[in-house]
Structure formats: structure tokens, C-alpha cells
Amino acid sequence: MSQPPRKILVTAALPYANGHIHIGHLVEYIQTDIWVRFQKLKGNRCVFLCADDTHGTAIMIRARQEGRSEEALIADMREAHIRDFDGFDIEFDNYGSTNSAANRALCGDVWSALRKSGLIVEQDVTQLFDVQEGTFLADRFVKGICPKCGAVDQYGDNCEKCGATYSPGDLKDPVSTLSGTKPELRSAKHLFVRIEDLHGFLEEWTQSGEHLQPEVANYLKGHFLGEPLRDWDVSRPAPYFGFEIPDSPGNFWYVWFDAPIGYMASLREWCERTGEQFDDWWPRSISPSAGEGSASVEIHHFIGKDITYFHTLFWPAMLNAARFQLPARVHIHGFLTVGGEKMSKSKGTFVRGRTYLDHLDPSFLRYYFASKLTAKLDDIDMNLDEFVSKINSDLVGKVVNLASRTAKFVQETGLSDSYPVDGGLFARAAAEGDAIAAAYDGCDYNAAMRSIMALADRANKFIDDLAPWTLRKDPNRAADVRNVCTIALNLFRQLAVYLAPVLPRLAKQAGELLNSPIQSWADAQQPIAGTAVSPFQHMLKRVEPEQVSKMIAASQEAPATAASATTVDGPAALAAEPLVAETISIDEFSKMDLRVARVVAAEDVKESNKLLRLTLSLGGDVNRNVFAGIKGVYQPETLVGRLVIVVANLAPRKMKFGMSEGMVLAAGPGGKDIYILSPDSGAVPGQRVH
RNA sequence: GGCAGGGUAGCUCAGUGGUUAGAGCAGCGGCUUCAUAAGCCGCGUGUCGCGGGUUCGACCCCCGCCCCUGCUACCA
């Protein structure tokens, strides 16, 4: 019954600072947050850590395109991430950044341990180099013709058409997607970790059955552990946004080296803030196979299946080599699909967290995901109709309804002075607490939600059978009414405790209603009596399907609008700006390079009262950073995805906020009357306007 | 190609070597009207992907096949 409290360190994967949080990310953060809240409610000591993952080529390139520093970019994104997580009640004990002093120091520690173990080796790596941009090109930044089958537009590492794999040097007619220029082969020194030396350890750790789901263990065994492990390339030559390796000037730690160490850095920051000892929470392990004594801390990582091998091979290898305690468990979840399909920008199912919050209550998503999540790494599907009906019938119709149909009968009197005889209902539900707890602890939230809803059904039937609204008509039965409602409200409160990890707001509201705060999992074991009952207030609004469709519409990339109208147009516009009398030649016109472009990012320039910062794609990976004076007329979110016309050869202009590399065409006199030009549907980014 | 996971009622999913395979939602009929048009009762449906095999008996075990998804380290 009462085990000693566990000491648990929990991490969720670090979101990359290159994009906003979307509902796919939220599967993980909600899953983890529920687990952490559950552990805390159980009385365990639990620390929940996360951070922004900030390094790497993608960040460097994007910052360059936006004409600002990497630091400015990641600072903005971090702020947005924190705001989004907060909106979903995801409560980290510390939210750090991999670009922090703490992380640099810890990377240094781990690095020198690897050096001392003799695991670091040097090898030359030949890669394509973009001379114009002055940077080596990762495979995804090179396109060319497949050397095997001749398919065009293939990435540097493999061909999507014929499936051939090759090295970027083999690619025919390679083109850098950054600059559009032809890259050249150059070789540079890279540093590798010889993890094959740890093969035996990894075999044992991954296959022990204790740390990983069985599918994952099989995957690793089949894919990696069956043959010698290849050396892991952990450095990148300059220029690279990251930490320079102290004993190898000009080389930087690869982003996947410093990202997981970011977990530790976040812990260090938390320790500094709270006075806790780092070594108590992430000890140096004496034994390389990490003893998990009862007194020691358990480390739990929650990740998506896309980053499995980083967390189950490289990371344990690094920890082992540096003699840090290994994770007790890596919990791996699947991807989110919407309506049975991959999230899609054009279908509007690629929903950002922020967009969701503009339309819907975060509790809904928390509950919905909880009802779908199991311990397996299957993908989970978000069916929007089901989403609406689950929220409305489970949460509103079953759970909250228990309170809303009885609370007002006892508002005057409060709960009965002692808990009445209820035929064992409360006790039976209390007895299920351990099973529900086990489901939470084992990440089988689906099972937990099923059990809880079954309890809600029983409670509703109880009220229905006893019909307090009928009893109420007989003045002699006032005590019975009070007793029935006392039971009903206690059953409601019990459910609120069981749901508290998922729905912290509901738990708080239940506490306020009954004037008895929910603070612990054990609160579900004892009924309360004699407390006052506050006036009932709505706890959750039911979902209207229109809210969901609006959210989807707001997430949809604007399709070309087909407007047709036969109207009579007035002369005012022409009068305001008369036609220009002077003519130009076709040659003069053709000096202007007008292009179709797609808005791939749009954001507010805070310091300016007119400007939005737009990132325009001209196709491929050719992007332009353009400032447009349309703030207040267009919401940045509504621009993303739509096609515009840009003057591509307008001389770049340095502005206070960065470089503006073009101009988006719009009609209208200005002020609020600004109308961006769109090409007809069918146009694609990069096409020239003639 | 290989590997992993999945294919169970209209939808989303549970499930176990053994009597007539389940839940929620949707649908249909009734009751109720306290409650956020909420609640309660009753009803239906399924070749449990296909074909073999093991077994007294398989949706669950084995083999083959089909379909879906994902992965396939020096990309993130």
C-alpha cells in the first residue's frame, strides 16, 4: 500500500528551435506531463525537465535567411515554446536550452571522459561544400540526379525513385539547395565515438527487458546489434551553430551530441535554483550497468519513435563511457495521425498548439490523448468526430454531470455530517485505485480512462436510481436528498482525483466546489463529509463541432480563392491614384524579376508597428526574408502557406530588424486598405511573372 | 529488399488456448426531466485480413500470402 516514495527524474524530448509546437509534439508532452503529475500526486519525488534543442545546421541556415543571429532566433522560439506548453498545462520543473553555459560545461565533462576512455577517433570525411554559403552540406541540402536510375531532384544520400543509396559525391549534377550553386567535394577531419567498444554493454542494456519496450529491443537487435556498430560522427566542421570542441578548434559538437546532455544541463539549472544536489539526481554510477537500488533515482526518458537510436544506443553509450547513471526506462510512443492520415498542412490537420488554443480548451486534448495512449509504440489516431463525442459524452455528460446534477440540492446545507451508507459504491471505486494507478504508472492511460469512465457510469446510475429530484418533493425526506447528493459528489470527487493527472484544472475546480482541495492520490480513498458546497459553476464547456472545423480551417494552407462576381466598379480608386501617363518599353518591364513565392513563415516584428517578417519560398530550398508593411491588416498565421508575388531582384535593403530581400506586391492605398496579390491556382513558387 | 508493428462491429479501439468475441461513440425503441438537449434501460450488427496447419477446441500458437504504417545510424 504505502511504498517508500520513489525518486524519479523525467525528461521529454527537447523540441527543436526551428519550429513551433504542434499537436503531434503534444502527444509526447501531454503523455509525459500526465505521468509526472501522477507520480507527484502519488507522493513520489519527481522532477520534470526539458529544454529547447537549439544547435545545428538548420538553425544556422534559417537565421542566415532571416538576417538575424541564431541567438535571436532561438530566443524567440524558446519564448513561443514556453508559452505554448504553458497553455496546455504542461508543467516543467525546469525548461532550459542546449545553448546554455551549463550545457557547454557538461558537454565538456562528457567529452573529456570519452577522450580518457580512448573512444574518440579521427577520420577524414568527404562532403559536398557550398562555396558561396561557405558551409558543408548535409545530405538533405543537396539535390541532384540519381547515379543509378537517373531520377532528378534526389537528395544526397538516397533515391526515392529506385531506393538506391549512395554518397553525395556520387550524385550527378549536384546543386546546393541553399544557394542553388554547384557544390564541390571537400574533405575535413571529423571526430567519431567508437561505440563498437561498448557493443557488449549495449547488447546487455538494450536486451535486458527492463529498459525498453520489446519491439524496440527487437528493432535494435535486428538493425544494429547484429553487426559491428559503426563509429558515430559527433563533430561538424565550422561554420556550425553549436559549441566548439575545446581540444579540437574549428570543430563543433554535432547537435545530437549536445542535445541529450541538455537533459543534464536542465537538471543542473534546476539544482542551482532549488539548492538540490546534481549528484543526487544524476549520480555517477559505480557500476557501468547502473545499479538501481531502492534509494537511488530512476531516470525516465519519454521520446517519439523517430529518435529511438539516439536514446537507446548513443546516449546510453555516452552515459556509460562517462560513468553517469543510465536511464531506468526509455518510453517510446508513436506518431499522431489525424483522420487516419499523416498530419497535412493542406488539409489543415497540421495544427499548431497555438491554433488549437485559439479555438479549444487544452483539457480536451489532454483527455483525448489520454484515452488513446497505451504503453505501445503504435501510432495514435485523432478522429475529429470522435474527439468531439468523447469530450462531450465522457467529460461533460458523465463526469462533470455528476456534480452539476446534484450540487445545487446541497448548496444550502453542505454535505452530510458523516458519509452515508452507499451500498459500497465508494469503497469499490476506492479499491480500483491501485489498478488505475498501475495503469498510469505503466503508461497505459487508455486502460485508466476506461476504468474511470466505468466508475462514472456506475455513479450516474446510482443517482438515477435514487432520484434525489423526486425525493426532494417530499419535505420529510430532506435528509435523504442530502445523503444521496453527498454520495454523488463524493463519487465525483473520487473521479476528479483519478483524473487529476490528466485534468488538473478539473481537480482544482472539484476542490473548490466541495471546499476540500485535492492534493494526493490517497484523497480517492476517503470520502469527505460536512463541508460546504459552493455554488456550482461550469467546469468544462461542451465542444461544438464548429470550433473544431474553425481550427482546421485556420490551420489550412490558404487555397487559391476563386472569386467571381459581376459588379459595377466605382471610379474612386482610379481617382485616388490616377493612371501614370508615361509609358515604358517591354525591355524596361522585363528588368523587373517578378516571381511566385510561398509564404512559409510569417511573424510579427515586435518593435515595429507596421512590419511583418515573411519567409518566402521560391521553390526548392531557396528562401527570401522579406519585411512587409502589412501588420494589422493580415494576421501572420493566415499568411503562412499562401502564394504571393514578389519582386525578386529588388536590391536587398538592410533594415533595423534584418535584411529585406524583396518586396511582396499588394494593391490599395495603404493603411487598412492593403490587398496582397495572389496568382491563380496552379502557379508554383519560383515561376516568373511575365 | 530487410526489419518492426498493425489489420476485431459504421467509427475509435479493448480482449483471452475453451461455454453464444467485448467497450465507447454513432443508429433504433422506451423511460426520466435533477443536470451543460445531460442521465437510465433495452436492441442490432461482426467470414475477429486471406489460405493452410497444430489442437478435443484458435480471434488468440505455427507456416505462407495480401494490405496499411513506420524504420532501415556518418539527415533532423
Side-chain angles (χ1 to χ4, degrees), chain A residues 16 18-19 53 56-59 123 125 127 137-142 155-158 163 165 167-168 190 192-193 195 213-224 226 229-236 254-256 259 304-310 313-314 334-335 337 339-342 368 371-372 374 376-383 385-390 392-398 400-409 444 446-447 449-450 453-454 456-457 459-472 481 484-485 488 536-543:
Chain A
Y16 201 47
N18 195 26
D53 181 17
T57 311
I59 298 287
Q123 287 169 38
V125 171
Q127 266 186 303
L137 296 166
D139 296 342
R140 60 188 287 251
F141 293 113
V142 190
Y155 285 113
D157 52 349
N158 68 76
T165 55
S167 68
H190 282 230
F192 291 74
V193 183
I195 58 172
Q213 289 129 300
E215 310 92 291
V216 178
N218 289 342
Y219 157 75
L220 296 172
K221 191 173 184 149
H223 274 91
F224 306 106
L229 294 160
R230 292 188 218 166
D231 296 341
W232 182 35
D233 186 352
V234 291
S235 78
R236 294 294 182 273
Y254 173 49
V255 57
W256 265 110
K305 61 186 183 180
D306 51 331
I307 55 176
T308 297
Y309 60 72
F310 292 109
L313 291 177
F314 302 146
F335 297 140
T337 56
E341 297 178 353
K342 267 191 213 182
Y368 185 74
S371 77
K372 307 292 275 188
T374 66
K376 295 196 254 179
L377 42 68
D378 297 340
D379 292 348
I380 68 172
D381 185 50
M382 178 161 183
N383 178 294
D385 294 335
E386 187 198 34
F387 172 78
V388 173
S389 75
K390 243 187 182 8
N392 289 344
S393 58
D394 290 2
L395 294 186
V396 179
K398 290 180 181 175
V400 174
N401 196 218
L402 288 170
S404 71
R405 67 195 303 205
T406 54
K408 76 171 190 185
F409 298 151
D444 196 356
N446 166 283
M449 296 307 111
R450 273 167 202 275
M453 286 310 136
D457 286 341
N460 272 305
K461 180 166 162 44
F462 166 81
I463 297 173
D464 224 72
D465 291 346
L466 276 286
W469 50 91
T470 306
L471 298 176
R472 225 166 131 250
V481 172
V484 168
C485 294
F536 181 78
Q537 292 175 345
H538 273 22
M539 298 182 182
L540 289 169
K541 269 209 200 97
R542 78 190 359 261
V543 196

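Letters go in sequence order (proteins before strands), and every chain restarts at 1. Basis for what follows: all heavy atoms, side chains included, without hydrogens, waters or symmetry-related copies.
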Pairing nucleotide - G5(B), Watson-Crick or G-U, each distance under 3.5 Å: C68(B)
Distance, rounded to the nearest Å, where I380(A) contributes CD1 and G6(B) contributes P: 16 Å
Nucleotide opposite G24(B) in a Watson-Crick or G-U pair, distances under 3.5 Å: C11(B)
Heavy-atom donor-acceptor pair, N446(A) side chain to T374(A) backbone, under 3.5 Å: no
Interatomic distance at C1', A73(B) relative to G2(B), whole Å: 15 Å
Validation row: W256(A), I307(A) side chains within 4.5 angstrom (heavy atoms): yes
Side-chain heavy-atom pair I195(A), D231(A) within 4.5 angstrom cut-off: no
Position toward the 5' end of RNA chain B (nearest nucleotide), L540(A) or D464(A): L540(A)
Heavy-atom check, side chain of I380(A) versus side chain of Y368(A), under 4.5 Å: no
Of the listed nucleotides C75(B), G24(B), C40(B), the one nearest the side chain of K398(A): G24(B)
Sugar-phosphate, base or nothing in reach of V396(A), heavy atoms under 4.0 Å: base
Minimum-distance nucleotide to F536(A) side chain [options: U36(B), U33(B), A73(B)]: U36(B)
Any-strand Watson-Crick or G-U partner of G46(B), both distances under 3.5 Å: none
N or O in side chain of K342(A) less than 4.0 angstrom from G70(B) OP1/OP2: yes
Axial cation check for F335(A) ring with K342(A), 6.0 Å and 45° limits: no
Which nucleotide in C71(B), A35(B), U32(B) has an atom nearest any side-chain atom of F335(A): C71(B)
Verify stack between H538(A) ring and U36(B) base, 5.5 Å, 30 degrees: yes
Short side-chain N/O contact from K408(A) to OP1 or OP2 of A35(B), under 4.0 Å: yes
Nearest to side-chain heavy atoms of K305(A), which nucleotide of C74(B), G70(B), U72(B): G70(B)
Sugar-phosphate only, base, or nothing, as touched by M539(A) at under 4.0 Å among non-hydrogen atoms: base
Close side-chain approach of V484(A) and F462(A), heavy atoms under 4.5 Å: yes
Nucleotide C74(B), atom C1' - distance to CZ of F224(A) in whole Å: 12 Å
Pairwise P distance for U55(B) and G42(B), with rounding to whole Å: 43 Å
Minimum side-chain heavy-atom gap L402(A)-N460(A) below 4.5 Å: yes
Sugar-phosphate, base or nothing in reach of N392(A), heavy atoms under 4.0 Å: nothing
Phosphate OP1/OP2 of G24(B): any R450(A) side-chain N/O under 4.0 Å: no
Separation of C75(B) C1' from R230(A) CZ (nearest whole Å): 14 Å
For A73(B), the Watson-Crick or wobble counterpart (both distances under 3.5 Å): none
Whole-Å gap separating C1' (U33(B)) and CG (L471(A)): 15 Å
Stepwise side chain to side chain contact (heavy atoms under 4.5 Å, CB included) check, W469(A) with R405(A): CA-CA 9 Å; W469(A) 50 91; R405(A) 67 195 303 205; 3.6 Å; yes
Salt bridge present between D379(A) and K305(A) (N-O < 4.0 angstrom): yes
Sugar-phosphate only, base, or nothing, as touched by F192(A) at under 4.0 Å among non-hydrogen atoms: nothing
Spacing of the P atoms in U8(B) and U54(B) (rounded, Å): 27 Å
Nearest-Å distance once atom C1' is located in both G70(B) and C31(B): 49 Å
Can you pull every protein N or O that's under 3.5 Å from an N or O on nucleotides 1-5 of chain B?
{"residue": "G2(B)", "atom": "N2", "partner": "H223(A)", "partner atom": "NE2", "Å": "2.9"}
{"residue": "G5(B)", "atom": "O2'", "partner": "D378(A)", "partner atom": "OD1", "Å": "2.8"}

d(CH2, W232(A); C1', C75(B)) in whole Å: 13 Å
Complementary nucleotide of G57(B), counting Watson-Crick and G-U pairs under 3.5 Å: none
Gap between atoms CZ and C1', on F310(A) and C74(B) respectively (whole Å): 10 Å
Side chain of W469(A) - closest among A14(B), U33(B), G24(B): U33(B)
Backbone of M453(A) reached by a side-chain donor or acceptor of D394(A) within 3.5 Å: no
Sugar-phosphate, base or nothing in reach of V400(A), heavy atoms under 4.0 Å: base
Separation of atom CG in L395(A) from atom P in A38(B), rounded to whole Å: 14 Å
C63(B) to C25(B) separation - P atoms, rounded to the nearest Å: 39 Å
Between C1' of C11(B) and CZ of F387(A), the distance in whole Å: 16 Å
5' precedence on RNA chain B between D233(A) and I463(A) (nearest-nucleotide basis): I463(A)
Opposite nucleotide pairing with A38(B), Watson-Crick or G-U, both atom distances under 3.5 Å: none
A14(B) to C48(B) separation - C1' atoms, rounded to the nearest Å: 13 Å
Rounded C1' spacing from G17(B) to G53(B) in Å: 16 Å
Nucleotide nearest N401(A) when distance is taken to its side chain, options A38(B), C11(B), U36(B): A38(B)
Nearest-nucleotide pick for R405(A), side chain only, options being A38(B), U69(B), C34(B): C34(B)
Selection from C13(B), C25(B), G39(B) that lies nearest to any side-chain heavy atom of D381(A): C13(B)
Among A73(B), U36(B), C41(B), the one nearest K461(A) by side-chain distance: C41(B)
Minimum side-chain heavy-atom gap L377(A)-V216(A) below 4.5 Å: yes
Atom P, compared across C34(B) and U19(B): separation rounded to whole Å: 46 Å
